[in-house]
Amino acid sequence: MPAPVPVPVACPARGTPLLRVSLSDPDARVLPPLSAERLRQLAEVPEDAPGTVLHHLGLTLSRVEWRSEITVRSQGRPGGPVCGVPFEIRLSLVHAEHSIRLAREIPRNGCLARQVLAHERRHAEVNRRTLREAAEGLRSAARAWAARAEARAPDAAAAAQALQEDLTAAVEPVLARLRAAREEAHAAIDSPEEYRRLGRVCPADQRVLSSRLGDAAPH
């Protein structure tokens with residue numbers, strides 16, 4: 001006698017899921033200076049990288065985290081299986097770290113320090129702008145995903161887990177675009193012309209900087 005064919009599990013009425021997207025993006029903090037060599041290490045630039053020197057004059061660090069929480073509406077037979085659909089989606093983008101540091105060898109509060117800080121603030125603005133754009137991208141991606149998302153699973157917890165994984169896959173392209181946009185914009189700021197300009201401005205401070213870097217160089 002053949003095994004009975006399982007009856008498909010019907011999904012609950014979908015409705016329009018609630019969608020909340022939050023963004024935590026404070027301005028970059030200017031932290032106490034570090035040595036130029038330490039900034040190079042934090043930037044993870046190898047000493048033998050083409051076109052680099054032993055030091056960095058400034059560094060902007062950014063670390064973004066995203067979090068999600070889904071409330072699921074499910075229905076099914078006692079003991080499972082069930083079908084779950086999203087009822088509420090909460091997404092958050094958090095600038096968990098956003099800081100600027102200048103090299104300790106730059107004369108404090110002088111002309112060159114102001115020039116390098118202005119350069120680093122351009123990087124910080126790229127980080128904030130692309131994060132705002134990513135928040136809108138997450139909103140659009142999550143809304144499109146919620147209109148079709150459903151998961152059939154042995155129980156409600158498994159359905160919720162499957163929906164969470166499916167949402168992650170749906171928003172990953174948005175996060176990939178965030179990373180690509182940042183890299184492109186940062187590269188445009190760090191142009192050869194910009195570094196030549198920073199090497200020419202504030203000649204008095206440049207002389208002090210060269211002397212201090214020379215004293216710090218390995219022998």
Side-chain angles (χ1 to χ4, degrees), residues 21-66 91-140 171-213 216:
V21 179
S22 63
L23 175 63
S24 176
D25 182 30
D27 198 6
R29 296 185 302 151
V30 179
L31 300 180
L34 294 173
S35 71
E37 172 61 12
R38 180 58 182 152
L39 292 184
R40 186 197 65 77
Q41 293 171 352
L42 288 174
E44 299 181 344
V45 176
E47 292 185 16
D48 59 351
T52 66
V53 293
L54 183 64
H55 63 278
H56 271 60
L57 298 183
L59 179 65
T60 300
L61 289 177
S62 172
R63 180 168 55 86
V64 174
E65 297 176 354
W66 83 279
L91 299 174
S92 62
L93 268 177
V94 179
H95 227 148
E97 178 182 7
H98 198 198
S99 62
I100 295 172
R101 289 187 188 268
L102 302 188
R104 192 164 52 219
E105 291 85 351
I106 299 175
R108 296 292 296 274
N109 303 318
C111 170
L112 185 57
R114 290 191 293 273
Q115 290 285 334
V116 174
L117 181 58
H119 173 94
E120 296 303 323
R121 286 198 184 280
R122 291 172 64 193
H123 285 296
E125 179 50 38
V126 163
N127 292 336
R128 300 192 72 189
R129 173 177 56 79
T130 54
L131 198 63
R132 292 191 296 270
E133 294 170 353
E136 289 306 308
L138 282 181
R139 187 186 304 278
S140 297
V171 303
E172 176 54 35
V174 175
L175 302 176
R177 287 195 295 271
L178 163 68
R179 294 187 287 268
R182 284 190 168 192
E183 290 178 6
E184 182 178 359
H186 288 318
I189 293 172
D190 289 334
S191 65
E193 294 78 15
E194 170 67 358
Y195 278 124
R196 283 195 292 269
R197 184 189 71 82
L198 288 174
R200 292 192 303 263
V201 297
C202 313
D205 284 352
Q206 296 281 0
R207 288 191 291 272
V208 175
L209 174 66
S210 296
S211 173
R212 291 174 177 176
L213 289 172

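Numbering starts at 1 and runs along the sequence shown.
Scanning both residues, Val126 and Ala185, for their nearest heavy atoms gives CG1-CB, 3.6 Å. Here the closest heavy-atom approach between residue Leu112 and residue Val201 is recorded as CD1-CG2, 4.1 Å. Here the closest heavy-atom approach between residue Pro107 and residue Ala113 is recorded as O-CB, 3.6 Å. Across all their heavy atoms, Leu102 and Leu39 have their closest contact at C-CD1, 3.7 Å. Heavy-atom minimum distance, Pro32 versus Arg101: O-NH1, 2.6 Å. The shortest non-hydrogen separation linking Ala181 to Thr130 is CB-CG2, 4.2 Å.
By the 6.0 Å contact criterion, CD on Glu184 is open, its count of non-hydrogen atoms from other residues, nucleotides or ligands being 12 or less.
Atom CG of Leu213 and atom CG of Leu57 lie 7.5 Å apart (nearest 0.5 Å). The CG atom of Leu175 sits 7.0 Å away from atom CG of Leu93, with the distance rounded to the nearest 0.5 Å. To the nearest 0.5 Å, the span separating SG on Cys202 from CG on Leu209 amounts to 10.5 Å. Rounding to the nearest 0.5 angstrom, the gap separating the CG atom in Leu91 from the CZ atom in Arg139 is 9.0 Å. In this structure, CG in Leu59 is found 9.0 Å from CG in Leu34, a value given to the nearest 0.5 Å.
Tested against His123 for a side chain to side chain donor-acceptor pair (under 3.5 Å), the candidates Arg121, His119, Glu120 yield a single pass: His119.
Every residue two or more places apart in sequence or in another chain was checked for a side-chain hydrogen bond (donor to acceptor under 3.5 Å, both in side chains) with Asp205, and none qualifies. Ser35 is linked by a side chain to side chain contact (heavy atoms under 4.5 Å, CB included) to Glu37, Arg38, Arg104, Glu105, counting only residues two or more places apart in sequence or in another chain.
Within the 3.5 Å criterion, the main-chain N or O of Gly110 finds no donor-acceptor partner in the side chain of Gln115. Side-chain N or O atoms of Ser211 include none that pairs as donor or acceptor with a backbone N or O of Arg207 at under 3.5 Å. Looking only at distances, a side-chain donor or acceptor of Arg182 sits under 3.5 Å from a matching main-chain atom of Asn127. The closest donor-acceptor contact from the side chain of Arg114 to the backbone of Asn109 lies under 3.5 Å.
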Less than 3.5 Å apart, which donor and acceptor atoms pair up between the side chains of residues 23-30 and the rest of the protein, not counting sequence neighbours?
from, atom 1, to, atom 2, distance (Å)
Asp25, OD1, His95, ND1, 2.8
Asp25, OD2, Arg128, NE, 3.1

So His98 and Thr60, side-chain contact (heavy atoms from CB on, under 4.5 Å) or not? Walk me through it. CA-CA 7 Å; His98 198 198; Thr60 300; 4.1 Å; yes
For Glu136 and Arg132: C-alpha separation, side-chain torsions, deciding distance, then whether salt bridge (Lys or Arg N to Asp or Glu O under 4.0 Å) applies. CA-CA 7 Å; Glu136 289 306 308; Arg132 292 191 296 270; over 6 Å; no
Given Glu193 and Arg196, is the salt bridge (Lys or Arg N to Asp or Glu O under 4.0 Å) satisfied, shown in steps? CA-CA 5 Å; Glu193 294 78 15; Arg196 283 195 292 269; 3.6 Å; yes
